[in-house]
Amino acid sequence: MNGIDALYLITGFAIMAFAVLTLTDRDHPRRLGTSAFWMIFGISLAFGQWLPDVVVGLAMLALALLLAASPALADEMRPVAIQFEQIDE
């Protein structure tokens with residue numbers, strides 16, 4: 001294992017730790033989806049070099065599905081009415 005592989009492994013474990021902390025936070029409004037997203041991302045980051053390509057690809061699709069189903073994303077994509085005023089000079 002070279003230095004960059006160790007960095008990916010450490011970073012992946014840190015992200016997985018934050019996923020567990022998010023899961024145990026009872027006040028987080030979307031803790032299940034958020035922790036699932038970060039756990040999948042952390043696992044793919046830490047162990048991606050040893051996992052089959054198909055597994056990593058499916059993990060990325062799962063991340064995309066979690067984002068697509070996110071209520072926060074739906075709120076951001078809601079159309080916003082913007083009104084402009086003409087400034088007379």
Side-chain angles (χ1 to χ4, degrees):
M1 179 184 303
N2 59 24
I4 193 74
D5 292 336
L7 183 64
Y8 280 127
L9 193 64
I10 292 167
T11 305
F13 278 119
I15 290 171
M16 287 186 278
F18 286 118
V20 171
L21 290 174
T22 302
L23 184 62
T24 59
D25 181 10
R26 300 261 181 213
D27 296 330
H28 196 287
R30 291 179 294 274
R31 65 187 175 115
L32 294 177
T34 302
S35 61
F37 176 88
W38 289 112
M39 184 59 74
I40 293 169
F41 181 65
I43 290 170
S44 64
L45 193 64
F47 304 112
Q49 65 178 345
W50 297 294
L51 293 172
D53 293 341
V54 172
V55 173
V56 176
L58 290 173
M60 296 304 109
L61 288 175
L63 292 179
L65 289 174
L66 281 169
L67 282 175
S70 171
L73 185 62
D75 289 343
E76 291 176 12
M77 294 179 67
R78 203 175 327 163
V80 177
I82 299 175
Q83 295 179 354
F84 294 97
E85 295 179 18
Q86 184 173 357
I87 300 174
D88 296 325
E89 292 183 29

Do T24 and R31 have side chains that get closer than 4.5 Å, going by heavy atoms? no

Looking at side-chain heavy atoms only, is the closest gap between T22 and H28 below 4.5 Å? yes

Can [Y] be reached from [X] by stepping across I, L, V, M, F, W or Y side chains whose heavy atoms are under 4.5 Å apart?
X   : Y   : result
M39 : V55 : yes
L32 : W38 : no
V54 : L61 : yes

Within this structure, what is the CG-CG distance for the pair L67 and L63, rounded to the nearest 0.5 Å? 7.0 Å

Show every donor-acceptor pair shorter than 3.5 Å between a side-chain atom in residues 4-13 and any protein atom, with sequence neighbours excluded, or say none if there are none.
residue	atom	partner	partner atom	Å
T11	OG1	L7	O	2.7

Considering only distance and modelled atom types, tabulate donor-acceptor pairs under 3.5 Å from the side chains of residues 43-53, sequence neighbours left out.
residue	atom	partner	partner atom	Å
S44	OG	I40	O	3.2
S44	OG	F41	O	2.9

Nearest non-hydrogen partners of L23 and S35, listed with the distance: CD1-OG, 3.5 Å

